[in-house]
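Just so it is clear, the model here is predicted, and its values are computed rather than measured. Computation of the quantities below employed the complete heavy-atom set of this structure, encompassing side-chain atoms and omitting hydrogens, waters and symmetry-equivalent molecules. In each ligand, atom 1 is the first atom listed, and ligand 1 is the first ligand listed.
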Amino acid sequence: MTDERIVIVGGGLSGLRTAERLRRLGHTGPVTLVSGEAHPPYDRPPLSKSLLTEDEPAGPKPLRDPGRYPELGLDLRLSRHAVALDTGRRELTLDGGETLPFGRLVIATGARARTITAFTRHANVHTLRTWEDCLRLRAALGSASHVTVIGGGVLGCEITASARARGVEVDLLEGLDQPLARVLGGAVGASVAALHRSRGVTVRCSAGVTAVRGDGRADTVVLADGTAIPTDLVVLAVGSVPNTEWLEGSGLALDDGVLCDRTGATSAEGVFAAGDVARMPHPDGRGTIRLEHWTGAGDTAALVAANLLAAPRDRRPLTEVPYFWSDQYGSRIQCLGVPGAGAEPVTAEGSLESGRFLVLYAEDGRVTGAAAMDMPAALARCRTAVGDRRPLSAVLDEAPWERRAPARA
Ligand SMILES: Cc1cc2nc3c(=O)[nH]c(=O)nc-3n(C[C@H](O)[C@H](O)[C@H](O)COP(=O)(O)OP(=O)(O)OC[C@H]3O[C@@H](n4cnc5c(N)ncnc54)[C@H](O)[C@@H]3O)c2cc1C
């Protein structure tokens, strides 16, 4: 246990959950939370779903009841950016030049939307990461007849579904052979593409965008094969960039994120990283991975809070199975583990053609991941199989799970 000041940089899910967990674990010392945003921590998943389709959303969905902040005893600094870190002097510098001494530090600065400068110079090319982005995009969808969504990952697919819910025509462009192929493989991706097509979306796969044309406002998206798509609005959903620029010169090991071990500890003693910005050793021991999942942000926050208060020998590694969900057209897609682009699944229940399925991914005969569409109970039954890498044949023998009592994913 430490009474020194703990500074958390980043006021998203992982920053807030770290602060909450520190208090729950009995830390009574000072905690400062520095956030670049003007709003107290809010939830991002609704930004691409309900908040994009609602007529007049009141505001971002807070992650904590405003009335319950006093009990956290937080020194909350909103609209402030950390600009430099000195791990030797244990000092954080904020914009404006103020320095904050700290005993322990948590980096929870998340990520921002990746942009393509040649495209974003047009006023009507949008990205989506913040509440302000959501407001702008929602307003633009209100007056658009057609939107081109560049990027068929989870975010691009959700924005597509929300645009359709608002009656807007959509061209969904994906560079790989299917939407979601990078995370769930081509077979599941084809099922997701079919879902979008059934809702009237023009899904174009293996589509390379070469230009976004227009005079100040984009009006045409041009593909490598020469196809020109007339459009009112463009959304770029081409991934994210971790917010680590402020750490350059700090001496911390960085590589598309803050490198840390599976306890969340970075290369500097007393400095930890959580959430989307953290790059950890891959659960299968091969290389490193930076996950950008809501559940992972909470898991790593809880982990880091506990490890930060523990003696180094008592720190525990992250053991939670990676999990994400995505809501599209009222269907829920869920995934456990990290299947990856090359993984092709075995169907355990339902069928990919029907759009209701549970699939398992395996390597060397052992289960490494599971994905489902509209089969939450069945997916939940696979958590241990994925976590323990159980033999695929044994797990398949236990199916079907869907008809049994539901369990939480
Ligand atoms: C639109 C959208 C929809 C999503 N939907 C899903 C979903 O359905 N399912 C799912 O599993 N996941 C979803 N996610 C992912 C999930 O929301 C993220 O994994 C999670 O928000 C990560 O939290 P974080 O706190 O690590 O980072 P962030 O939420 O990015 O928060 C980081 C905070 O740090 C601040 N910051 C950055 N730099 C500095 C600095 N130098 N100084 C001070 N503050 C700084 C930022 O302004 C931000 O407030 C979605 C994400 C988005 C954007």
Side-chain angles (χ1 to χ4, degrees), residues 7-20 32-52 60-61 63 76-85 92-96 98 100 105-114 126-135 137-138 151 153-159 161-162 180 183 235 237 239-248 250 257-258 264 272-279 290-301 304 322-328 331-336 409:
V7 174
I8 301 165
V9 190
L13 178 68
S14 58
L16 176 68
R17 293 290 183 256
T18 304
E20 291 174 336
T32 298
L33 192 149
V34 181
S35 177
E37 291 190 77
H39 313 275
Y42 61 89
D43 212 13
R44 294 198 197 279
L47 299 179
S48 51
K49 308 176 184 73
S50 57
L51 294 177
L52 212 48
K61 189 172 165 263
L63 282 166
L76 181 60
R77 314 276 186 105
L78 297 178
S79 301
R80 298 300 302 277
H81 280 90
V83 293
L85 173 66
L92 182 74
T93 307
L94 303 188
D95 46 7
E98 184 186 353
L100 287 179
L105 184 99
V106 179
I107 299 166
T109 46
R112 61 183 181 275
R114 185 181 294 283
H126 293 251
T127 56
L128 179 58
R129 181 81 195 182
T130 65
W131 164 243
E132 286 75 17
D133 295 338
C134 176
L135 277 185
L137 178 56
R138 197 178 60 86
V154 172
L155 189 60
C157 286
E158 289 192 350
I159 293 169
S162 294
L180 293 190
V183 279
V235 181
S240 70
V241 182
N243 292 317
T244 56
E245 288 76 2
W246 63 283
L247 292 166
E248 277 157 23
S250 68
V258 178
F272 294 78
D276 284 12
V277 78
R279 175 170 285 279
R290 187 171 65 79
L291 292 174
E292 298 177 88
H293 306 335
W294 192 92
T295 312
D299 290 342
T300 51
V304 157
Y323 166 79
F324 76 82
W325 83 94
S326 172
D327 293 331
Q328 300 170 27
S331 283
R332 175 155 285 197
I333 299 162
Q334 295 168 290
C335 176
L336 285 165

Q | Closest to atom 36 (N) of ligand 1 (judged by heavy-atom distance), picking from Thr244, Ile159, Asp95, Thr109 | A |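 Going through Thr244, Ile159, Asp95, Thr109 one by one, Thr109 has the nearest heavy atom to atom 36 (N) of ligand 1.
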Q: Report the C-alpha distance between Val154 and Glu292 in whole Å, list the side-chain angles of each, state the deciding distance to 0.1 Å, and finish with yes or no for side chain to side chain contact (heavy atoms under 4.5 Å, CB included).
A: CA-CA 11 Å; Val154 172; Glu292 298 177 88; over 6 Å; no
Considering only the protein, which heavy-atom contact is closest to [atom], and what is its distance?
atom                    : value
atom 41 (N) of ligand 1 : Ala82 O, 3.1 Å
atom 29 (O) of ligand 1 : Arg44 NE, 2.6 Å
atom 1 (C) of ligand 1  : Leu155 CD1, 3.5 Å
atom 19 (O) of ligand 1 : Asp276 OD1, 2.7 Å
atom 6 (C) of ligand 1  : Pro45 CG, 3.6 Å
atom 5 (N) of ligand 1  : Lys49 NZ, 3.1 Å
atom 12 (N) of ligand 1 : Trp294 N, 3.3 Å
atom 35 (C) of ligand 1 : Gly10 CA, 4.0 Å

List ligand 1 atoms under 4.0 Å from [X], heavy atoms only on the residue side.
X      : value
Val34  : 43 (C), 44 (N)
Glu292 : 15 (C), 19 (O)
Gly275 : 26 (O)
Trp246 : 41 (N)
Ala111 : 30 (O)
Phe324 : 11 (O)
Val9   : 42 (N), 43 (C)
Glu158 : 8 (O)

Are any of the N or O atoms of [X] closer than 3.5 Å to those of ligand 1?
X      : value
Leu13  : yes
Thr295 : no
Glu37  : yes
Gly36  : yes

Q. Using heavy atoms and a threshold below 4.0 Å, how should the contact between Ala108 and ligand 1 be classified: side chain, backbone, both, or neither?
A.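 Near ligand 1, Ala108 shows its backbone, while the atoms from C-beta on stay back.
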**Q.** Chi angles and distances behind the side chain to side chain contact (heavy atoms under 4.5 Å, CB included) call for Leu291, Phe324
**A.** CA-CA 10 Å; Leu291 292 174; Phe324 76 82; over 6 Å; no
(Q) If we only consider heavy atoms of Glu245, is any one of them less than 4.0 Å away from an atom in ligand 1? (A)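 So Glu245 does not count as touching ligand 1.
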Q) At a 4.0 Å cut-off, with the gap strictly under it, does some heavy atom of Arg112 reach an atom of ligand 1? A)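 For ligand 1, residue contact (heavy atoms, under 4.0 Å) with Arg112 is absent.
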Nearest 0.5 Å, please: how far is [atom2] in [Y] from [atom1] in [X]?
X      : Y      : atom1 : atom2 : answer
His81  : Thr109 : NE2   : OG1   : 9.5 Å
Arg17  : Leu63  : CZ    : CG    : 5.0 Å
Leu155 : Leu128 : CG    : CG    : 5.5 Å
Tyr42  : Ser35  : OH    : OG    : 8.5 Å
Ser326 : His293 : OG    : NE2   : 11.5 Å

**Q.** Flag, side chain of Thr300 to backbone of Gly275, donor-acceptor distance under 3.5 Å
**A.**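 Looks like yes, one N/O pair under 3.5 Å.
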Q.
Tell me if a side-chain donor or acceptor on Arg290 pairs with a main-chain N or O of Val277 at a distance below 3.5 Å.
A.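 Side chain of Arg290 to backbone of Val277, a donor-acceptor pair under 3.5 Å: no, none is there.
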Q) Taking all non-hydrogen atoms of both residues, which atom of Ser162 and which atom of Leu52 are closest, and how far apart? A)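 Where Ser162 meets Leu52 most closely, the heavy atoms are CB-CD2, 3.9 Å.
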Q: Report the residue from Arg129, Arg112, Arg44 that forms a salt bridge (charged side-chain N to carboxylate O under 4.0 Å, His left out) with Glu37.
A: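 It is Arg44, the one option of Arg129, Arg112, Arg44 that forms the salt bridge (charged side-chain N to carboxylate O under 4.0 Å, His left out) with Glu37.
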Q) Angle class for the Trp294/Trp325 ring planes (parallel below 30°, perpendicular above 60°, tilted otherwise)? A)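 It falls in the perpendicular class, over 60°.
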**Q.** Full working for side chain to side chain contact (heavy atoms under 4.5 Å, CB included) between Leu92 and Trp246
**A.** CA-CA 10 Å; Leu92 182 74; Trp246 63 283; 3.5 Å; yes
Q) Going through the distances and angles, do Leu47 and Asp133 end up as a side chain to side chain contact (heavy atoms under 4.5 Å, CB included)? A) CA-CA 9 Å; Leu47 299 179; Asp133 295 338; over 6 Å; no
